[in-house]
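Structure first, commentary second.
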Number of protein chains: 2
Amino acid sequence: MAMVALSCVRGCSGVGVIRTALRLPHLRSVSGITVAQIDEEVAKLLELKARLGGDDGKHQFVLKTPKGTRDYNPKQMAIREKVFNTITRCFKRHGAETIDTPVFELKETLTGKYGEDSKLIYDLKDQGGELLSLRYDLTVPFARYLAMNKITNIKRYHIAKVYRRDNPAMTRGRYREFYQCDFDIAGQYDAMIPDAECLKIVHEILSELELGDFRIKVNDRRILDGMFAVCGVPDDKFRTICSTVDKLDKMPWEEVKKEMVNEKGLSEEAADQIGEYVSQHGGMDLAERLLLDPRMAQSKQACAGLSDIKLLFSYLQLFQVTDKVEFDLSLARGLDYYTGVIYEAVLTQAGVSNDAQNGAEESVSVGSVAGGGRYDGLVGMFDPKGRKVPCVGVSIGIERIFSIMEQKAEVSAEKIRTTEVQVLVASAQKNLLEERLRLVTELWNAGVKAEVMYKKNPKLLSQLQLCEETGIPLVAILGEQELKDGVVKLRVVATREEVDISRADLISEIKRRTSKA
Amino acid sequence: MAMVALSCVRGCSGVGVIRTALRLPHLRSVSGITVAQIDEEVAKLLELKARLGGDDGKHQFVLKTPKGTRDYNPKQMAIREKVFNTITRCFKRHGAETIDTPVFELKETLTGKYGEDSKLIYDLKDQGGELLSLRYDLTVPFARYLAMNKITNIKRYHIAKVYRRDNPAMTRGRYREFYQCDFDIAGQYDAMIPDAECLKIVHEILSELELGDFRIKVNDRRILDGMFAVCGVPDDKFRTICSTVDKLDKMPWEEVKKEMVNEKGLSEEAADQIGEYVSQHGGMDLAERLLLDPRMAQSKQACAGLSDIKLLFSYLQLFQVTDKVEFDLSLARGLDYYTGVIYEAVLTQAGVSNDAQNGAEESVSVGSVAGGGRYDGLVGMFDPKGRKVPCVGVSIGIERIFSIMEQKAEVSAEKIRTTEVQVLVASAQKNLLEERLRLVTELWNAGVKAEVMYKKNPKLLSQLQLCEETGIPLVAILGEQELKDGVVKLRVVATREEVDISRADLISEIKRRTSKA
């Protein structure tokens with residue numbers, strides 16, 4: 001047992017060593033296998049070893065984050081902050097407030113909201129007291145919040161982590177802990193206006209992030225249900241057939257049909273009829289054509305959905321976003337709570353080519369980056385009297401976007417700074433620590449972002465090197481002569497230009513020089 | 001059973017009703033009892049009822065957040081954002097990078113780090129796979145991160161939620177889920193320079209937040225241990241006696257002594273000697289005096305600690321923060337991992353008086369709002385070879401600060417806006433929805449924060465009222481005449497002044513007017 005634990009520790013440090021030695025960015029491929037894939041395999045093996053046990057010696061544990069999770073280092077955080085700022089700015093531009101809810105909810109709050117996905121919910125251990133689960137999305141907590149506070153009108157955004165015990169595919173940006181950026185509009189309003197704004201928001205965010213081309217697929221649960229009805233799907237099979245249709249983005253029609261017929265017991269004829277419909281996509285014209293379809297006309301639901309799609313497209317034209325939006329009858333979306341319009345955004349040209357290193361194009365397959373829809377019944381499930389609050393919203397899946405941004409940063413020449421320090425307070429001679437601390441205090445008190453090295457007598461060269469490494473643009477150098485003259489030598493790191501500034505003018509001079517940049 | 005569940009639901013909506021009817025802010029007192037206390041009592045009763053059971057009918061569950069947690073509404077979020085911005089600005093001013101770690105860690109990562117507090121850790125249910133626990137603080141995950149990535153030098157901040165199964169006292173800002181704002185400096189540096197910067201940071205943040213007067217107490221684990229040794233405490237009782245000393249801020253000395261002697265089996269003589277020391281507090285002078293104390297001189301550890309306190313105070317003088325810092329021999333801090341300097345900031349004059357409503361002064365007792373210290377051994381506990389990385393850091397306890405800020409906002413005349421909308425696009429007549437959507441699109445595309453009401457034909461009055469309620473400063477009004485003339489009527493909500501602006505100039509005019517504000 002001790003041997004296993006020991007080699008486990010070795011293997012563990014080994015991963016770091018391999019990564020460091022290869023100096024490969026996260027998703028670059030080495031003869032077909034990516035480093036991230038290797039990491040995943042190694043993680044699986046380490047987990048297996050850990051479960052085989054080990055003795056309780058001091059250092060005999062696996063040094064890792066839990067399966068499907070990761071740390072963000074300062075560089076990744078700088079990218080993440082940029083993405084969040086873009087998204088938050090858009091949400092605020094559209095007048096949203098923000099709220100926050102706890103990371104866990106009463107278990108029963110989540111029960112019966114997610115259909116087949118419920119098995120992926122993380123539960124907390126019963127340590128006495130309430131039974132709790134980690135939130136699976138931000139939508140159900142939002143609905144609970146509305147019902148609990150009797151709120152009937154709100155436009156809010158919520159950016160927070162959610163948890164799913166899914167099979168992680170970290171190469172494709174799929175994690176067990178991941179951020180969702182949600183924007184929702186709750187309230188009884190005229191049809192399709194809030195729904196159209198949600199799509200406008202997705203369009204704005206994906207455009208501004210410059211992730212390459214994208215498409216937003218739109219459908220309506222009522223059209224799907226109506227279609228199932230007129231194709232002869234029994235009522236009690238709507239949801240399960242809907243789940244199968246949802247797989248069309250990952251499986252060819254033939255396999256989807258097989259699942260419908262063989263696993264879910266649908267008649268071949270019904271499946272074929274569904275197949276005809278779900279292959280269609282277009283714009284407002286398709287909605288108009290289907291409204292004239294004699295079979296669809298039998299379903300009131302489908303007709304209501306189709307009329308709303310028409311109305312939606314008319315607003316999308318005014319919002320100038322129809323270039324990217326497509327009415328797609330194969331879009332189903334897995335979650336149970338949707339009642340009307342549903343949508344999903346996919347990147348159609350993801351990834352960054354990396355010719356310089358590999359000679360060949362490569363791209364990350366990232367799939368869906370945003371999704372949402374209308375859920376008019378969810379709040380009512382929480383209200384003691386079942387009062388409904390109609391809601392529509394969208395969720396931006398940040399992890400996949402983040403994978404792309406990270407890869408873009410990796411191949412770009414631009415260096416990412418992880419701090420915002422404007423000036424390093426340095427000394428040219430020994431025994432000037434006190435003077436450095438005195439000066440940096442002046443700068444901090446004036447709101448200047450400043451640092452000193454935590455050494456009594458650092459060499460000037462190592463102080464200048466620190467600036468080069470971390471991108472600090474200015475150095476305020478103190479020496480015996482400067483102190484005597486009541487000046488500070490201000491050095492511009494990029495140009496090596498140096499100029500003596502009187503102590504009294506230093507702060508305004510630093511502010512002047514750094515506000516230009 | 002059904003009756004219990006039913007009345008439970010009634011009781012639940014009752015809370016909301018009571019709160020709404022009384023229109024009482026969260027912490028205002030009603031003849032001695034605060035609403036928050038009532039809420040807590042009601043929550044306890046509801047939890048009890050919930051645990052008595054109920055049938056599995058549709059709406060028969062308790063509509064609440066888990067014990068010790070809460071939602072943040074938009075107003076609270078606006079305050080929270082302001083506090084976070086102040087803190088983040090300070091951390092960045094001092095050159096810190098930021099990282100993020102998962103909300104849960106492998107259970108074994110947390111094992112053996114928190115001493116007696118370990119029982120408060122939340123575990124996740126074993127659903128197959130790894131055994132996980134929610135993070136208890138940000139320090140242990142930070143140390144794990146350093147060891148895992150072999151980082152020996154970093155200055156980082158981390159603002160995130162942590163989890164403790166403590167007895168919540170929500171009236172005093174004590175929750176089971178709460179934010180910590182941590183700043184830590186890892187690396188082998190010259191003594192006391194990073195330690196002093198941590199105290200400078202606490203001083204800057206508490207000053208800038210304007211929470212009233214505060215004091216930062218400083219001590220050193222080596223001084224405590226040395227003191228225990230020379231007072232005759234057996235080696236194996238250091239930690240447990242230290243935990244008892246830590247209670248001096250909540251209990252009088254007589255009770256602390258009783259616990260030492262009766263519960264922990266210390267001799268009365270040793271306890272009395274400890275009592276003499278822990279009653280002392282002062283500045284650099286006290287450190288100098290104790291260095292001359294013949295008993296203290298017997299302990300090398302204590303002398304090393306006292307010399308460092310002297311050095312620390314000399315740096316604190318240069319940082320201009322000695323006005324608030326006090327060397328206090330009674331400060332112990334509960335956590336096991338501290339090895340050197342420790343500190344804790346307390347507000348000495350908390351709370352906002354509320355004369356207008358109650359005639360009497362009242363204040364929230366908030367206690368400690370920041371704490372930290374040096375932990376040179378923690379990273380080594382994670383390193384397979386036990387390599388040490390010296391660390392020092394501070395954690396700002398945001399919830400208590402937040403309680404005060406919230407209360408301040410409550411009594412202040414200033415209205416808090418929860419959105420940043422600059423202009424509402426309104427219509428003066430019917431049938432102008434399309435024109436409104438066209439105009440708001442122009443504004444959004446130009447980066448203006450704008451809204452429309454989601455109604456086909458909203459009344460002008462209700463559009464203006466919305467602006468009054470939510471603080472939107474401008475209204476862009478469209479009417480038949482304006483459309484004909486190619487202008488928009490721009491109305492200033494505060495002054496009711498109206499002016500026609502040509503469509504081409506509208507965006508620059510809105511930007512000009514809102515940048516002034």
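None of these values were measured; they are calculated from a predicted model. Chain identifiers are assigned alphabetically (A, B, ...) following the order of the sequence lines, protein sequences preceding nucleic acid strands; residue numbering begins at 1 within each chain.
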Looking at [X] and [Y], does any basic side-chain N land under 4.0 Å from a carboxylate oxygen?
| X | Y | answer |
| --- | --- | --- |
| A/Glu130 | B/Lys64 | yes |
| A/Lys92 | B/Glu420 | yes |
| B/Arg70 | A/Asp100 | no |
| B/Glu97 | A/Lys75 | no |

*At a heavy-atom separation under 4.5 Å, does B/Leu439 approach chain A through its side chain, its backbone, both, or neither?*
neither
Name the region of [X], side chain, backbone, both or neither, that has any atom closer than 4.5 Å to a heavy atom of chain B.
| X | result |
| --- | --- |
| A/Ile154 | side chain |
| A/Phe178 | neither |
| A/Leu424 | neither |
| A/Ile121 | backbone |
| A/Glu204 | side chain |

*For chain B, the option from A/Asp71, A/Leu134, A/Thr419, A/Ile193 that forms the most heavy-atom pairs under 4.5 Å*: A/Asp71
With no hydrogens and no angle check, is any side-chain donor or acceptor of [X] less than 3.5 Å from a backbone partner on [Y]?
| X | Y | value |
| --- | --- | --- |
| A/Thr65 | B/Thr101 | no |
| B/Asp190 | A/Lys456 | yes |
| A/Gln127 | B/Asp123 | yes |

*asked:* What I want to check is whether the side chains of B/Glu197 and A/Tyr454 have a donor and an acceptor closer together than 3.5 Å.
replied: yes
*asked:* If we define contacts as heavy-atom pairs under 4.5 Å, which of B/Val440, B/Thr470, B/Ile185 has the most with chain A?
replied: B/Ile185
